[in-house]
Structures are given as structure tokens and as C-alpha cells.
Amino acid sequence: MASKAAEISEAAAEAVDQVADRLQLQDMSASTSTSGSELTLDEKYQLCRSIGAECIQDDELRNLLEKKPNPVAYDGFEPSGRMHIAQGVLKALNVNKLTKSGVTFKFWVADWFAQLNNKMGGDLNKIQTVGKYMIEIWKAAGMDMTRVQFLNASEEINKRPNEYWTLVMDIARQNTLARITKCCQIMGRSESDNLSASQIFYPCMQCADIFFLKADICQLGLDQRKVNVLAREYCDQCKPKRKLKPVILSHEMMPGLLQGQEKMSKSDPNSAIFMEDSAAEVKTKIKKAFCPPEQVEGNPCLAYVRLVVLPSFNHFQVQRKEAQGGNKTYANMAELEQDYSSGALHPGDLKEALTVALNRILQPVRDHFEQNAEAAALLKKVKSYKITRLALGGKGICKHESGLTIFADALPGEQLTARVDKVKKGYAEASKLTTLKQHANPTEAPCPHFGTCGGCHLQNLDYTAQLHAKQVQVAETLQRIGGISNCNDVLRPIVACQQAYHYRNNMQFTFSTSMAAPLTDTPAQVVLGLHKARQPSQITPIQACFLQQDSANSLLQAASLAAAQASAQAAGVALTAFNPATQHGFLRQLILRSNSRGEYMVILSTSYFQPALLQPVVRALLSCNVPVLGIINTVVPCKSTAKPRRGRSGKQSTSSAGQQSHHVIHGAATITEQLCGLHFEISPNSFFQVNSSQAAVLYKLVLQSADLRPTDIVMDLFCGTGSIGLTLAKHCRHVYGFEVAASSVADARRNANLNHISNATFVKWDLTKVSASMVSQYPRPDIIVTDPARSGMSTELNSFLQLSRARKIVYVSCNPATQARDVAQLCVQDGAQYRLTSVQPCDMFPNTAHIECIAVMEHI
């Protein structure tokens, strides 16, 4: 838009400067009012015309100023969230120019329009609150209110409803639907969007506003041009015709701070300067702004100087060291652009000077919202977010009034202030700063580590509400990712867990190093705990975890104390915690695995094998009054000591995956669990459901879903230690289990022998590589049970399932998102051979965000 703005002649610019000098406009905070009577016609015209990057038409504007001493200009705004400087500073500058020319300015507070456009969730009370906040900003920004009126659309229309709605209906009648939808840009929409009926009606209402307010000048941005032109066209369509058409005086749109952003947008907070941003926030945003050296066109930093800094102060001051060119004051853009394009002005110096100028402009606004109690309360309301529901993974979802989805660590119903940290396509991530209103369905979290630990973060949400949130998550995921339109027909009520705490039979704790006391020689001690919330690279020391049994907490405390004492005695040399950043240290993890009889396997993970160093911890574990059947040392070499191997890409890798070794240093190498009447031997690396009692419920649901016949062949994919397949074996002819991990396959075979099951065969097979030989070697399955990892199934495996002609596929998953993706490929996409008949959520992990689901698909 720079070229359009530059079309105003040098003579016009000089006239504007002369008027500014006469009226002492050097500072926006000047509030001297004038009717415009002391200005000449040329001065009034040039002052008004300096606002517009486009004027339709120039001769009409001059004629209006000549014939009407106090014409009416209008701008409408939807109260919707925070105000950026394009709406705050630029608008204040433009309004002051018009009112000093004798123009009366009417602000149309378009609260009904914001409701039609679904801003602030369509809540009219919130919309009106934001409207008051925006008025407070303009006052603080130096807008001269002498000839300014603020009119609420909802109130004014209700005063003269017949006049207004007659206008709206006539405008709608005079225009085609295609002509109206071309104006949808005014709402931030496009013609191709799926518009609601209210949004199609919106342009007719905005067009009617101009005549309803008896506006002579439409002073809006270039993005509103189409509806203003519609108003001029309507003057020729209506009967009788309107001789005086509204003059369109469109200001240039301020660009966003990032590359290619032609318009500043609230939906990307990192690309916009907000009116109450702190000095530090302004500095950070300008520092990150797009500002290529020697490039003037498309440079937002230069645009901000031209649009708000020079009009505010009549100069732009750059402060530099003498060696870098010294201080320089620019009185016009031509001189500034010349220096910048030649390289005489460095981007860093431009940004620093721009930061100073913007903070000077914004400081009165900050002061107002800090010192005025009413204004501060309004800001607090406007900056708050309300969480509507939980996303998969447990993040709270907030819908910004712009339509942007924001994820934050909060619960449904909670109202909070938050800092937006990352903005990506279609969504943003935010960090909670303060809670303004507690979430719905609260309960007291029993764990003293709640909030610090990154584990079970739903403890303070009533369990019934947790179940409801998870049910909603599954439904929305099926619709959004799976494309299942009839999800309510197939989705069954979630199965609750009878035990909300102390249900885990497998917990992993990480060794770390405490910070040494400052200015002392005290060595740093080894600590044991769980990863911190929002800081996963750091460890929170844990003395007791409410997800495991009390006996497990006794073992945890004993190991923690012994490790701390041993590290102190060794002065940090012998018994140390492994540091992932430096790849140095000995102790990695403590893993506690238990069975329903309260017996334990303890796994001590280290970076190298030196069992003597573990003896203090081993002795402490065995001294507890807890049945420890075995203690295993799992060695996971450091990357620096691991032998290089070839990765999938063919490049050498020093990843420790696949290089673990297990050493029994006390007792047995396995632990036995009983589930569904069967016994299962579990080795250190074997996968087994972490909630034994709820696993029994899950497996019964799988059995019911499979609806087996005695003659059925069952294919059990990702079979692990064979727990699902062996549970099904006595109800069918034969089970064939496939698993990539050799240790798990060995466990599955051993478990089959342990339970005297002869109709189960377990095969080591990489299910990412399904081949014809797999199909030919084994009988065609009647039922397929698949229980993949969180990443779900590959496209190749899904294609194999399509061609399998199995009567049913029973898909067990701990990740509803990847399950829904695979269901879409099997049941919705072209060539689908299956239909989804049921989805059964099962809560295996109370007080956490995880969900287990059983999806049943039947062959068409």
C-alpha cells in the first residue's frame, strides 16, 4: 500500500505539515479542539485527504467540506478482544485530523455485528464489555473526544427499528446473493468460506449503517472498501435516488510484523503490537520483526514509522554511537527510506529507534490501565480466556474471538490470563499466568506434588467430569479426524475405573542431580523423581506417588535416600546421576513393576555396568518390608560409548535403542501376574497393561467385541506378551500373534506354555513390513485384533487389513487420534471394505489425559 499512500503530492504533504504546525500536533497527547473554522478549505481538504490511501471521490470530498461546515464521518468496529496499534494509534491519529477539520466523528459500536460474526462466542455482554475497553484505550491514546460520539448498534437500532430494518431489507432486495458475498471480506471471511445465514446478512446491515447514521464520509480501512462501494451503488438503486453519495476515505492497512503479512491481525499475537503491551513485549516483537537490510518495499518497520511515528511526533530519532554514524533525526520518510535503502541506516538501529518511539506512544495507555481502577478491571476481563473443553493430551481448549484455537494448561470452565508462546497454522500454545475463575467441577488434589509434577494433572477435576471430558474428546476426534458423521450412533458410554488412585503396576522414576548450595563446597546430591510440568528436562523429587501402591512408595523412598547418601559420601564422583545433556553420569532410572499380590521387580537403569556402585541402593531396597522378587540392572550405554550402528536412513547412529543389556543382581529375572484366569511372566522390557484390574475389564470388552466362534482363526497384531491373544484362545480355533520385539515374543511363547495353551502361535514380525509371504504362510483370519503403539498403524498395514476379508477388526488403541485416522482409511475413504459399528472408550488411567478405546469394524 506504500505506493498508494505516496500518491499524495509533495504540495499536499507540505500543506498538512503547515496545518499540523498551526494546530500544534507535534504530540498526540495534545487535546486542543477546534471546529475547523480557522482552517482554509485547502487546509481542511489536505488534512482530511492525508488520511486516505484512497479517496472516492476527491472532488466530492472537497465539495462536501466547502458546502457543509460539520460533515459526519463514521467508522464501525466490532468489539472483539484486545486492540492493536492499527486500531488504537492509527485510528486516533485519523480521528484527530478529521475533527480538527470540523468533522463530527461517529463510532458505530457494532455489538450486534460482533454477535453475528460469532465474536467472543456470541456473548453480547462480553462484546459490550470489550467495547468499553476500546473506548478507554482511545481516550488514553490521545484521541480528542470533543467531536466524537460512540453509539451502540443494539441501542440505536432499537430506538428506530422501522427505519433501520426497512433500509436493510431494501439493500438486500436490490442486490444479488453473489454481490453480497463479495463483501464478506469485511468480516475477515472469503467468498469460498462456509458462511452462516447471519454472515451473509451482515454486509446488508453494514451498508445500511452508513445511511442510518447519516454519514457523509466512510472513514474505514481499505479492507472495508467493498461494502462502502456497495453503499454508493445503492444510492443509484434506491427510489428516489440519493444525490449525495458517501465519500469513501480509506486508510492504509498496517502490516503485520512478520514477512508477507499485509494486515496486522489479532489472531497472531506475535505479529501485532497491542495497545497495552509492556515495553519488554514491544522490544521482543520488534526485534523479531521482518526487516531485511536495504529493502523498503514490504518492510513493516518502515511502515510503522510512516503510519504512526512521524504523524505522532513529526520526526523520527535514531540514536547511535559516533562510530556507527551518530544520532540522526528524520523529518520525513523520503530521507529515512533513502538512508535505509543505501545501507546508511542499519536494521538494528531502525528497530531500536522504532521500539523507543512506540513505547513512548504506548506509555500513556499503560499508565491509564495501571492507575485507573475501572480501566484496569476492563483490561483484566478482556485479556482473560475461558477454557471450553479438554483436548487429547489434556490441554485446555480456548476459542479466541478471531477463531484461533488456543491450547493452555487449564481445565473446562476455567477463566484465566495467559501468555501466547507459539502461534502455528490454525492454533496457538499459551502459558497460564493467573486463574481468574476456577474451573467447573473442582475437587481437591490429594497429591502434595500436584501442579509441579508433570504426571496426573487432572487430580483437581471431579472424576465424573473427567469421564465426560474424555467421552467428548473421543466423539470430536472421530468426527474431525475419522470423518465419522454418525459417531453418536456408534460411540458407547465410557467405562469408568473403579480405582482412581494406586492402580499402576509399573512406574518409572528418573535420577537427577540437585543444585549445589551457592557459595559453598557442598556437593550436589542425587535426587529421584518425575519430570516437571512444563519443564520436562527437569526433575521434581518425589517421596510418594498416588498412582502406585504404598509399598511401592516405600521402595521409592528407600532408593531415593540411599542414592542421595551414597552420592554425598562419594563427593559426586562415584555414584552420580546421568545427565542427558552431557551424556555423563551413572544412575538413569528406577522402575518399579508389581503384580496383584504386591510382589515387586525392581529395575535399576544405569549408563554402564558396575554393580558394586549399586549396592547401597540394593541393600536399602531389600531392607524394606516389601516382597522384592528380583532386582535387575538394565544397562543403557551413553551415546558417546555406544557402538555406532546403521539407522533406517543408512546413516550411522549412536542411539542406545536396541543396545540394552539386563543383569540380575538379586533374585528372579521375571515377575508373574494373574489376569483373566491366566498367568503371565513379565520380563524387564515386556509390555504389560499398567492397570491390572482395569485390564481385565478391557480384555472382557475385547472378547465381547470379537464375538468369537469356535472355528475362528484370530490374528493378534502387536501382541506383546500375548495377553490379549491368550485370553481369546480358549474361545476360538487358533490364535496367531505377531510382534516385532523378540523378547516379547519369547515371553508370549513362555506364557502359552505356562498356561498349557496349545492353540496359540507367536511370530516375530515387523508389522510395518507386511508382505505376501506373511499372508501365504498363515490361514486367512476370521477376526483380527490389533493393539498398536500410540503412532497407530502404517498405511501398508491398513491396506493389508482391507484385503484380509476378516469378518471383524477389533482395534484397541491408547491414542484416539491415530485410531480415528486408521478408521477413516478402513471405513470412510474410497475403496473402504469395512464399516464402523462401535467405539468403546475405557478409562485405564484415571486422573491423567490418556484414554483407551476399542473400535469394532465389520466387513461390508
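We use all heavy atoms of the structure for the numbers below, so side chains are in, but hydrogens, waters and symmetry mates are not.
- Distance check: Ser683 OG to Met601 CE gives 6.5 Å after rounding to the nearest 0.5 Å.
- Side chains of Val740 and Leu767 form no contact here, defined as non-hydrogen atoms less than 4.5 Å apart.
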Practice problem: Any chance you could lay out the side-chain contact (heavy atoms from CB on, under 4.5 Å) test for Leu703 and Leu728, step after step, and finish with the verdict? | Solution: CA-CA 7 Å; Leu703 178 61; Leu728 303 179; 3.6 Å; yes
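- Side-chain N or O atoms of Arg588 include one that pairs as donor or acceptor with a backbone N or O of Val636 at under 3.5 Å.
- Side-chain contact between Tyr699 and Leu726 is absent, with no heavy atoms from C-beta onward closer than 4.5 Å.
- The heavy-atom pair separating Thr721 from Asn751 by the smallest distance is O-ND2, 3.1 Å.
- Residues Met507 and Cys545 have side chains in contact (heavy-atom distance under 4.5 Å, counting atoms from C-beta outward).
- Considering every non-hydrogen atom in both Ala729 and Val735, the closest pair reads CA-CG2, 3.9 Å.
- With a 4.5 Å cut-off on side-chain heavy atoms, Phe845 and Val690 count as touching.
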Exercise. Show your reasoning for whether side-chain contact (heavy atoms from CB on, under 4.5 Å) applies to His457 and Asp409.
Key: CA-CA 9 Å; His457 66 284; Asp409 292 317; 5.9 Å; no
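- Here CG of Leu592 is found 11.0 Å from CG of Asn505. Values are rounded to the nearest 0.5 Å.
- Within a 6.0 Å sphere centred on NE2 of His468, heavy atoms belonging to other residues, nucleotides or ligands number 12 at most.
- Within the 4.5 Å cutoff, side-chain heavy atoms of Leu621 are placed close to those of Ile631.
- A donor-acceptor pair under 3.5 Å is absent between the side-chain atoms of Arg593 and the main chain of Ile603, judged by distance alone.
- Pairing each heavy atom of Ser554 with each of Cys624, the nearest pair is O-SG, 3.8 Å.
- Judged purely by atom type and a 3.5 angstrom limit, Asn755 has no side-chain atom pairing as donor or acceptor with the backbone of Ile757.
- Defined by atom type and a distance below 3.5 Å, a donor-acceptor pair is present between the side-chain atoms of Thr606 and Asn633.
- A donor-acceptor contact closer than 3.5 angstrom links the side chains of Asn691 and Ser693.
- Side chain of Tyr736 to main chain of Val763: no donor-acceptor pair is present (N/O by atom type, distance under 3.5 Å, no hydrogens or angles).
- Between the CZ atom of Phe688 and the OG atom of Ser723 there is a distance of 5.5 Å, given to the nearest 0.5 Å.
- Considering CG of Leu698 and CG of Asp787, their distance stands at 7.5 Å, rounded to 0.5 Å.
- The closest side-chain heavy-atom distance from Tyr811 to Pro788 is below 4.5 Å.
- Although no hydrogens or angles enter the test, the distance criterion places no donor-acceptor pair under 3.5 Å between the side chain of Gln549 and the main chain of Ser551.
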Exercise. Show your working on side-chain contact (heavy atoms from CB on, under 4.5 Å) between Glu852 and Cys814 and close with a plain yes or no.
Key: CA-CA 4 Å; Glu852 199 87 9; Cys814 59; 3.5 Å; yes
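- If you take CD on Gln479 and CG on Asn486, they are separated by 9.5 Å, rounding to the nearest 0.5 Å.
- Contact record, Phe680 with Leu675: CE1-O, 3.7 Å, taken as the closest heavy-atom pair.
- Here Cys853 contributes atom SG and Gln819 contributes atom CD; the two are 5.0 Å apart, rounded to the nearest 0.5 Å.
- Counting heavy atoms from C-beta outward, Val490 and Val856 have side chains that stay 4.5 Å or more apart.
- Looking at Thr795, Leu801, Leu797 one by one, the single match for side-chain contact (heavy atoms from CB on, under 4.5 Å) with Gln825 turns out to be Thr795.
- Remark: the backbone N or O of Gly598 is paired with a side-chain donor or acceptor of Asn595 at under 3.5 angstrom.
- Pro841 has its side chain within reach of Leu491: a pair of non-hydrogen atoms, C-beta onward, lies under 4.5 Å apart.
- Across all their heavy atoms, Ile481 and Arg821 have their closest contact at CG2-N, 3.7 Å.
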Quiz item: Stepwise, does the side-chain contact (heavy atoms from CB on, under 4.5 Å) test hold for Val823 with Tyr834?
Solution: CA-CA 9 Å; Val823 165; Tyr834 288 85; over 6 Å; no
Using residues 493-503 as the side-chain source, report each donor-acceptor pair under 3.5 Å to any protein atom, sequence neighbours left out, with the distance given to one decimal.
from: Gln499; atom 1: NE2; to: Tyr501; atom 2: O; distance (Å): 3.2
from: Gln499; atom 1: NE2; to: His502; atom 2: O; distance (Å): 3.2
from: His502; atom 1: ND1; to: Phe546; atom 2: O; distance (Å): 3.4
from: His502; atom 1: ND1; to: Gln548; atom 2: O; distance (Å): 2.8
from: Tyr503; atom 1: OH; to: Pro846; atom 2: O; distance (Å): 2.7

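- Counting only distance, with no hydrogens or angles, the side chain of Ser560 and the backbone of Leu556 share no donor-acceptor pair below 3.5 Å.
- Nearest heavy atoms, Gln589 versus Thr510: NE2-OG1, 3.7 Å.
- With His439 contributing its side chain and Asn460 its backbone, the two residues share a donor-acceptor pair below 3.5 Å.
- The backbone N or O of Ser567 lies less than 3.5 Å from no partner atom in the side chain of Gln525, so there is not a single donor-acceptor pair.
- Donor-acceptor pairing under 3.5 Å is recorded for the side chains of Asn847 and Gln466.
- No donor-acceptor pair under 3.5 Å is formed between the side chain of Ser692 and the backbone N or O of Ser596.
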Quiz prompt | Residues Thr513, Asn579; criterion side chain to side chain donor-acceptor pair (under 3.5 Å); working and verdict | solution = CA-CA 8 Å; Thr513 305; Asn579 186 329; over 6 Å; no
